[in-house]
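Keep in mind the model is a prediction, meaning the values are calculated, not measured.
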Amino acid sequence: MAQVKMTQSGIEQAEFPKLSFGKSLFTFIFVGPIWLLFLKLSLSEVLANQVILLQTVLILIAAFMFTLEFSKARPSPVVLVIWTFNCGVVGVPGLSQLLVNTYPWPLIVDEKSIFLAQVCTLVASLFLILLLEAPHNQKSKNSVSRNLNRIRVRNLTILMLPAILYAIRSGGGITAFFSSRTAISSAKAAAGLTTAQSGLFVTGTRALVLFVCVSAIILRKKDKHDTIANFSLATSSLGLIILANPLSSSRFWFFTVVASLVITTVNLNPARIRLGAMSLFYGSMFVFPLADYFRGTNRTFGSVGTSAWLTGDFDALQITGAGIQWFQINGAVWGHQLLGALLPFIPRSIWTSKPIDTGIMIARANGMKFENISGPWVAEAMINFGYIGLILFPFLIAYLFRIVKFRAELFPDDFGVILNGFLVGYLPILLRGSLLQASGAAGIFALYVWYSTPKQTFKKENAPRSPANASAHGALKKAA
C-alpha cells in the first residue's frame, strides 16, 4: 500500500515499494539475456568478433539500466523510453544484423564506425541518464506557475476548426484519411502543397488538435461542466479520430497521441508505468513493424521478428555508424544541423544554406536513391559537434527534460504536465531522428502550451497545483 510523504516544495507524494528482487531479475532476463538465446548467439561468435562482443555488452547494459529504473519505487517514463530504444531498437535488432552481416540499407559502414557507434551510444546514454537523475536544487523562494487559461484555450479551439477543415481538404477529403498515408500524400501533391507548407499547416494542425484535446481534459478535471472544455474536447476528439488514426498518421505520431492522452488522463502509478514500459519494449520490436500495414493502399503485413529487424524500421545502429563515418570524413558542422532544427520555420527561400535532414544528408553522401532514413540522436551529436557532442547533446536534452519534470512532478503546473506527457510520447521520434524533421511538431506544440498557460509568480507554498496532479495526489492519499 502506498504511503504519503511531504516533499521540500510542500507537495504530497505517494511512496510505493520497490520491485522485489525476483521480479527485477525476471524483468532483466526478458529484456536482455533471453534475446541472446533467441538469436542463438554462441560464445565462440562473441569471442571471435569485438563488434559482436560489444553489441552484446550494449544489450546487457541497456537491459540492466532498464531493470534498475523499472524496479524503482517511482520509475521515470523518460529513462525507461531511453533504455527501451537502446535495447529494443539499437541493441537486439543491431545484433541480429551483425550476426547475419546484413544491414537495412545499401550503404557501406566499416567495422570501426560500427564499433564507435556502439561505444558512443553507451557513453552518451549513460551520461544523459546521470544528468536526468541528478537531484533537483530549487533555491528560489518564489515559483513561476503556468496554468491553463480558459479563454486562450477557447481561442485555439476557434483556430483549430478551420485548420482541421483545411487539413482535410488538402489531404484529399475525409475518405483519404481513412484510406492510407499514401492517398493523403498523393492528394497533397496534386493540390500543389510543398513539403514546407505541409509541415507548417498539416503538422501544425495535428499538434494543435492534440493540444486542445489534452487541455480540455485538464480543464474538465477542474470543472466537468465547463462549456469551453466540453466543446473543445468534443471537437478535438473528432479531429484526432480523423487526423491521427493509424490510417492517416505515422506510427510514431499515433503513439505520441496515445501516450499524451494516457499520461494526462490516467494516474500513472508505478505499476502502470511498468506495464507501459514493457508494452513499449515488446511493441517496438514486434508490433511496430506490423503497423506498417496501414501505410499503403495495398494492405500487406510486414515481416516480424528477426526478418523485421533487418528492415529500415531498425536502422539505428547502421545509421549511427554511417553518421560517425560521415563525421570522420567531413568533420563536424559545429551546430549547423542543430540550428536548422531550432529554426525549422524559416523557409529555404530566405535561408538558402538551411540544412537538410541529417538522414537525407547521410543517404546522399552514400549515393542512395531512397533518402527517408533515420538520423539517430548520437549520430546528430557527432555530426554537429564531434566527440564534444557526446557531452553537449545529453546536457541539452537533460536540461529540457529536467525543467519539464520539475514542472510536472516536483512543483506541478499545467505547463509541465502537458509538455511532460507530450515529450514522453514524442521521445522515440526525437531519439530516432532526424532532429530537423522531428523538431517542427515539438516546437509548434510547445508554442501552443506557452500561449495557453500565462505566467504567474507565487510564493512556493502558495502556488496552485495542476488540476490533474491535485486530483492524483488526492486519490493517492485516500488509497494510503
Side-chain angles (χ1 to χ4, degrees), residues 78 81-82 85-86 90 113 116-117 120-121 123-132 195-196 199-200 203-204 207 252 256 315-316 319-365 371-404 419 422-423 426-447 449-450:
V78 170
V81 169
I82 291 170
F85 180 81
N86 283 341
V90 180
S113 297
L116 285 174
C120 292
T121 298
V123 170
S125 298
L126 289 170
F127 185 57
L128 174 58
I129 299 304
L130 180 66
L131 294 173
L132 286 171
T195 302
L200 179 61
T203 302
F252 284 106
T256 300
D315 64 355
I319 303 305
T320 301
I324 292 173
Q325 193 168 265
W326 189 97
F327 156 71
Q328 291 176 323
I329 296 172
N330 301 284
V333 298
W334 300 112
H336 184 63
Q337 294 294 115
L338 179 61
L339 192 61
L342 295 175
L343 302 170
F345 51 86
I346 299 179
R348 296 187 185 276
S349 58
I350 297 175
W351 185 4
T352 55
S353 61
K354 184 177 181 179
I356 58 176
D357 288 348
T358 299
I360 294 177
M361 185 176 70
I362 293 173
R364 290 180 180 177
E371 299 177 343
N372 186 21
I373 64 177
S374 69
W377 74 283
V378 175
E380 295 271 13
M382 291 289 289
I383 289 173
N384 271 282
F385 300 106
Y387 291 103
I388 300 174
L390 300 179
I391 297 174
L392 188 56
F393 257 59
F395 180 84
L396 295 173
I397 295 171
Y399 179 75
L400 168 64
F401 276 88
R402 282 172 63 83
I403 291 175
V404 173
L419 270 185
F422 176 79
L423 288 175
Y426 205 67
L427 186 54
I429 302 179
L430 295 174
L431 293 175
R432 186 178 187 269
S434 295
L435 190 58
L436 181 62
Q437 189 178 47
S439 62
I444 293 172
F445 189 90
L447 284 176
V449 179
W450 175 83

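The heavy-atom pair separating W326 from V333 by the smallest distance is CH2-CG1, 3.7 Å. Nearest heavy-atom pair across A316 and V90 is CB-CG2, 3.7 Å. The shortest heavy-atom contact between K354 and I346 is NZ-O, 2.7 Å. The minimum heavy-atom distance between P394 and L128, with the atom names listed, is O-CD1, 3.4 Å. Contact record, G321 with A117: N-CB, 3.7 Å, taken as the closest heavy-atom pair. Minimum interatomic distance between P355 and H336 (heavy atoms only, all atoms of both residues): CG-O, 3.3 Å.
Looking only at side-chain heavy atoms (C-beta outward), L338 and F393 come within less than 4.5 Å of each other. In this structure, I356 and R364 have side chains that are in contact, with non-hydrogen atoms separated by less than 4.5 Å. You'll find the side chain of L400 stays beyond 4.5 Å of the side chain of L396, heavy atoms only. In this structure, the side chains of V404 and V78 stay at 4.5 Å or more apart for every pair of heavy atoms. Looking at L132 and F401, their side chains come closer than 4.5 Å, going by heavy atoms from C-beta outward. Taking 4.5 Å as the limit, every side-chain heavy atom of L131 sits out of range of all side-chain heavy atoms of Y399. Residues L427 and F85 fail the side-chain proximity criterion, which asks for heavy atoms closer than 4.5 Å.
The main-chain N or O of S374 is found under 3.5 Å from a side-chain atom of D315 such that the two form a donor-acceptor pair. Not one N or O on the side chain of Q325 forms a donor-acceptor pair closer than 3.5 Å with the backbone of T320.
Here the straight-line distance linking atom CG of L419 with atom OH of Y426 works out to 13.0 Å at 0.5 Å rounding. Taking CD1 of I362 as the start and CD1 of I373 as the end, the distance is 5.5 Å to the nearest 0.5 Å. Atoms CG and OG1, on L430 and T256 in that order, are 8.5 Å from each other to the nearest 0.5 Å. Between the OG1 atom in T358 and the CD atom in Q337 there is a gap of 4.0 Å [rounded to 0.5 Å]. Atom OG of S125 and atom CG of L130 lie 12.5 Å apart (nearest 0.5 Å).
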(request) Please assess W377 against I397 for the test side-chain contact (heavy atoms from CB on, under 4.5 Å), listing each intermediate value before the final yes or no. (result) CA-CA 10 Å; W377 74 283; I397 295 171; 3.8 Å; yes
(request) Please assess Y387 against F327 for the test ring pair (Phe, Tyr, Trp, His ring centres under 6.0 Å), listing each intermediate value before the final yes or no. (result) CA-CA 10 Å; Y387 291 103; F327 156 71; 5.7 Å; yes
(request) Step by step, work out the side-chain contact (heavy atoms from CB on, under 4.5 Å) result for M382 and L116. (result) CA-CA 11 Å; M382 291 289 289; L116 285 174; over 6 Å; no
(message) The test is side-chain contact (heavy atoms from CB on, under 4.5 Å); show your working for L392 and N384 and say whether it passes.
(response) CA-CA 10 Å; L392 188 56; N384 271 282; over 6 Å; no
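More than 12 heavy atoms of other residues, nucleotides or ligands lie within 6.0 Å of CH2 in W351, so this atom counts as buried by the packing criterion.
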For residues 431-444, which side-chain donor-acceptor pairs fall under 3.5 Å, sequence neighbours excluded?
unit_1 : atom_1 : unit_2 : atom_2 : d
R432   : NH2    : G312   : O      : 3.1
S434   : OG     : G359   : N      : 2.8
S439   : OG     : A341   : O      : 2.8
S439   : OG     : L435   : O      : 3.3
S439   : OG     : L436   : O      : 3.1

